[in-house]
Number of protein chains: 2
Amino acid sequence: MSKTSLIQDYKTACSNCHLRELCLPVGLSPDDLQKLNNIVKTRQPVLKGEKLFTEGDEFNSLFAIHTGFFKTSITATDDGREQVTGFQMTGEIIGLDGIVNDLHTCNAIALEDADVCVLPFENIELLSREFPALQRHMHKIMSREIVRENEVIMLLGTMQAEERLAAFLLNLFQRSHMRGFSKSEIVLRMSRQDIGSYLGITLETVSRTFSKFCDEGIIEIKQRYVRIIKPEALKEIFNPNKSCQ
Amino acid sequence: MSKTSLIQDYKTACSNCHLRELCLPVGLSPDDLQKLNNIVKTRQPVLKGEKLFTEGDEFNSLFAIHTGFFKTSITATDDGREQVTGFQMTGEIIGLDGIVNDLHTCNAIALEDADVCVLPFENIELLSREFPALQRHMHKIMSREIVRENEVIMLLGTMQAEERLAAFLLNLFQRSHMRGFSKSEIVLRMSRQDIGSYLGITLETVSRTFSKFCDEGIIEIKQRYVRIIKPEALKEIFNPNKSCQ
DNA sequence: ATACTGTATTGATCTATATCAGACATTTGT
DNA sequence: ACAAATGTCTGATATAGATCAATACAGTAT
């Protein structure tokens with residue numbers, strides 16, 4: 001039985017959204033916020049496993065994740081090789097890749113039932129011309145994505161499997177903690193396959209490395225549940241012995 | 001004897017720049033172009049080997065490459081591992097990484113004597129509010145960088161050494177050709193070390209793979225001079241046997 | 001409870017690429 | 001013109017992680 005999402009559009013308000021300190025409204029005055037409410041047209045549900053957009057889709061809007069968890073990926077033109085390019089959580093903006101050619105160049109897939117705010121890009125541009133704070137914030141969001149991708153490139157270009165996985169865990173926990181969740185416990189939303197694709201290693205290596213961290217008492221892991229026992233040890237793996245040089 | 005760049009600022013004009021179809025002025029009306037001239041404050045020379053900016057530098061301006069060739073890189077915090085994140089040629093904009101935290105997060109190093117147009121970011125934002133075409137173009141430039149980095153992530157995450165090098169050559173020749181240079185001949189500006197860092201492989205593997213392509217009659221290579229003999233063969237390596245699936 | 005399906009773990013083996021090392025080529029400085 | 005420094009090429013060997021394969025586990029349906 002395949003679930004399909006209800007096309008269920010309802011009014012939203014940034015001004016009293018619990019994510020306003022993480023999402024698009026950052027730094028806007030109450031007045032500006034009121035105007036922002038008007039550009040966020042609708043809230044759209046996306047069920048687990050569904051695609052919010054796919055490579056080749058026409059680009060019209062950015063999306064702010066209100067609830068849920070997404071992965072973005074691109075697929076090789078020839079064979080179907082998938083490369084996961086990122087995992088996105090609440091308050092994050094997805095779809096920036098679509099601006100340059102008015103076409104999406106990646107896939108965004110919900111890893112749990114989700115809700116996104118639809119931000120028509122025309123409206124964002126219009127309002128950005130009016131509000132310097134929003135303009136600045138949009139530029140920062142795009143720049144942040146560029147910097148994030150630089151870090152992924154660094155990870156894939158220079159790091160060993162253990163370093164990659166340590167970096168991945170630290171990043172995930174940090175972002176999760178910023179959203180008010182536990183600093184030490186998480187339930188992963190993505191499969192070992194997804195993690196491996198993101199980190200440029202196989203799912204077997206992901207599994208083995210998790211087990212190794214577990215044997216060393218750094219983490220506790222049971223399937224998708226992860227608890228960090230020694231965060232310093234993870235940081236040490238990620239940033240090895242700087243004291244020795 | 002270490003050469004240092006002359007601080008030599010001279011007036012420039014986008015409106016009669018030979019790069020106006022590649023660079024910031026794309027899509028601007030003659031009127032808008034006139035205004036753009038006023039935000040491009042100065043032209044700044046950067047000698048081969050010099051840094052235009054470094055990780056940690058304060059961010060004030062974007063830079064448009066007028067002449068010359070750059071690499072951008074980031075270095076691991078602990079040891080000095082360098083990861084080359086891109087190679088930039090004339091007409092391209094660098095410094096976008098600095099917007100998010102008003103600090104540059106990468107290094108931009110000239111690989112040959114260069115000249116950049118300094119674009120104070122405050123002015124760009126001011127003018128973007130006035131000219132929708134410039135605003136749209138800035139958004140596209142940032143989005144294009146996000147898409148480019150996605151492709152690098154794909155390359156590093158899923159491709160073999162031969163595929164990476166084929167992709168690298170095709171991309172470099174294509175961009176060079178767009179600037180009016182030969183479709184089949186190039187003199188590389190970067191070392192084997194730089195190429196290897198960019199592609200996540202060692203310089204030895206770069207060298208060996210070049211030699212292999214040469215033995216197979218796909219390219220001719222003598223140190224930094226490269227001629228492509230069979231472009232289709234390179235495309236085939238980059239996009240292997242789609243006909244077989 | 002039992003079978004079924006997708007996901008995760010663990011082990012044995014293989015391989016692409018790293019590492020180490022030496023020869024050669026090119027550029028730079030004197 | 002020569003020496004030194006830097007960059008490139010090629011060979012021999014080592015290794016991190018891939019691949020292949022079998023088992024175990026969790027969630028859902030029968």
Side-chain angles (χ1 to χ4, degrees), chain A residues 1-3 48-49 71 79 81-84 109 111-113 155-166 168-169 186-216 219-226 237 240, chain B residues 1-3 47-49 71 79 81-84 109 111-113 155-166 168 186-216 219-226 237 240:
Chain A
M1 175 177 82
S2 95
K3 304 186 280 184
K48 182 174 175 174
K71 71 171 176 184
D79 49 17
R81 272 181 296 184
E82 180 191 45
Q83 172 68 42
V84 172
I109 297 165
L111 294 181
E112 60 183 6
D113 289 357
L155 180 142
L156 292 172
T158 70
M159 293 186 188
Q160 310 275 88
E162 285 185 34
E163 298 177 75
R164 297 182 193 199
L165 208 60
F168 165 76
L169 285 177
I186 244 180
V187 174
L188 300 174
R189 258 66 202 211
M190 71 293 277
S191 67
R192 299 291 189 263
Q193 172 77 66
D194 287 334
I195 298 172
S197 168
Y198 179 59
L199 299 177
I201 54 184
T202 57
L203 69 95
E204 290 95 332
T205 300
V206 173
S207 182
R208 269 186 254 273
T209 309
F210 273 148
S211 297
K212 178 156 187 278
F213 287 172
C214 202
D215 291 346
E216 293 169 347
I219 63 172
E220 186 191 324
I221 188 160
K222 182 101 190 292
Q223 305 282 122
R224 297 204 174 179
Y225 164 86
V226 185
I237 290 166
Chain B
M1 177 177 85
S2 95
K3 306 183 281 184
L47 295 179
K48 182 175 175 174
K71 71 171 176 184
D79 50 15
R81 273 181 295 185
E82 181 193 44
Q83 172 69 42
V84 172
I109 297 165
L111 294 181
E112 61 183 5
D113 289 357
L155 180 142
L156 292 172
T158 71
M159 293 186 186
Q160 310 275 89
E162 286 185 34
E163 299 177 74
R164 295 183 195 199
L165 208 59
F168 165 76
I186 244 181
V187 174
L188 299 175
R189 258 66 203 209
M190 71 293 278
S191 67
R192 300 290 188 265
Q193 171 77 66
D194 287 335
I195 298 172
S197 168
Y198 179 59
L199 299 178
I201 55 184
T202 57
L203 68 95
E204 291 94 333
T205 301
V206 173
S207 182
R208 271 186 253 271
T209 309
F210 273 147
S211 299
K212 178 154 188 278
F213 288 172
C214 202
D215 292 348
E216 293 169 347
I219 63 172
E220 186 192 325
I221 189 160
K222 181 102 191 291
Q223 305 283 123
R224 296 202 176 181
Y225 165 86
V226 186
I237 289 165

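All chains are named by letter (A, B, ...) in the order of the sequence lines, taking the proteins before the strands, and each is independently numbered beginning at 1.
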The criterion is side chain to side chain donor-acceptor pair (under 3.5 Å); which residues satisfy it with [X], sequence neighbours excluded?
| X | result |
| --- | --- |
| Gln223(A) | none |
| Thr209(A) | none |
| Thr205(B) | Thr202(B) |
| Glu220(A) | Arg227(A) |

What does Ser207(B) touch in the nucleic acid at a heavy-atom separation under 4.0 angstrom: a base, only the sugar-phosphate, or nothing?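 Counting heavy atoms under 4.0 Å across all strands, the contact made by Ser207(B) includes a base.
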Exam field: side chain Ser211(A) to backbone Ser207(A), donor-acceptor pair closer than 3.5 Å: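 Such a contact is found between Ser211(A) side chain and Ser207(A) backbone.
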Measure the spacing between OH of Tyr225(A) and CG of Leu188(A) and express it to the nearest 0.5 Å. 11.0 Å
Nearest 0.5 Å, please: how far is CD1 in Ile195(B) from CZ in Phe210(B)?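 Reported to 0.5 Å precision, the distance equals 4.5 Å.
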Quick one: closest heavy-atom pair of Leu156(B) and Gly200(B), and the distance? CD2-N, 3.7 Å
Return the angle between end axes of the helix from dA1(C)-dT30(D) to dT30(C)-dA1(D), with five pairs used per end and rounding to 10°.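 Axis-to-axis angle, ends of the helix: 40°.
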Between the protein and nucleotides 3-5 of chain D, which nitrogen or oxygen pairs are less than 3.5 angstrom apart?
none

Return the set of residues passing side-chain contact (heavy atoms from CB on, under 4.5 Å) with Gln160(A) (not counting sequence neighbours), or none when no residue passes.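 Residues passing side-chain contact (heavy atoms from CB on, under 4.5 Å) with Gln160(A): Glu163(A).
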Sort and list the pairs that fulfil salt bridge (charged side-chain N to carboxylate O under 4.0 Å, His left out) and have at least one residue in residues 192-210 of chain A, not counting sequence neighbours.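 Pairs touching residues 192-210 of chain A that pass the test: Lys71(A)-Asp194(A).
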Does Lys222(A) place a side-chain N or O at less than 4.0 Å from the phosphate oxygens OP1/OP2 of dA8(C)?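 Negative; the distance criterion is not met.
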At less than 4.0 Å, is any side-chain N or O atom of Arg224(A) found next to OP1 or OP2 of dA8(C)? Yes or no.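 Checking Arg224(A) against dA8(C): at least one side-chain N or O falls below 4.0 Å of OP1 or OP2.
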Any Glu82(A) side-chain heavy atom under 4.5 Å of Thr158(B) side chain: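 Of all side-chain heavy-atom pairs linking Thr158(B) with Glu82(A), none is under 4.5 Å.
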Minimum side-chain heavy-atom gap Gln83(A)-Leu155(B) below 4.5 Å: no
Please give, in whole Å, the distance from [N] [atom2] to [X] [atom1]?
| X | N | atom1 | atom2 | value |
| --- | --- | --- | --- | --- |
| Phe210(A) | dT10(C) | CZ | P | 13 Å |
| Gln223(A) | dG6(C) | CD | P | 16 Å |
| Glu112(B) | dT27(C) | CD | P | 15 Å |
| Leu165(B) | dT17(C) | CG | C1' | 14 Å |

Please name all residues satisfying ring pair (Phe, Tyr, Trp, His ring centres under 6.0 Å) with Phe213(B), sequence neighbours left out, ordered by chain then number. none
Positions of residues 186-193 of chain A (non-hydrogen atom under 4.0 Å from DNA chain C), listed by number: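 Hits under 4.0 Å, by residue number: Ser191(A), Arg192(A).
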Identify each atom pair where a protein N or O and an N or O of nucleotides 17-20 of chain D are less than 3.5 Å apart, giving names and distance.
unit_1  : atom_1 : unit_2    : atom_2 : d
dG17(D) : OP1    : Ala161(A) : N      : 2.8
dA18(D) : OP1    : Thr202(A) : N      : 3.2
dA18(D) : OP2    : Thr202(A) : N      : 3.3
dA18(D) : OP2    : Thr202(A) : OG1    : 2.8
dA18(D) : OP2    : Thr205(A) : OG1    : 2.3
dT19(D) : O4     : Arg208(A) : NH2    : 2.8
dC20(D) : N4     : Glu204(A) : OE2    : 3.3

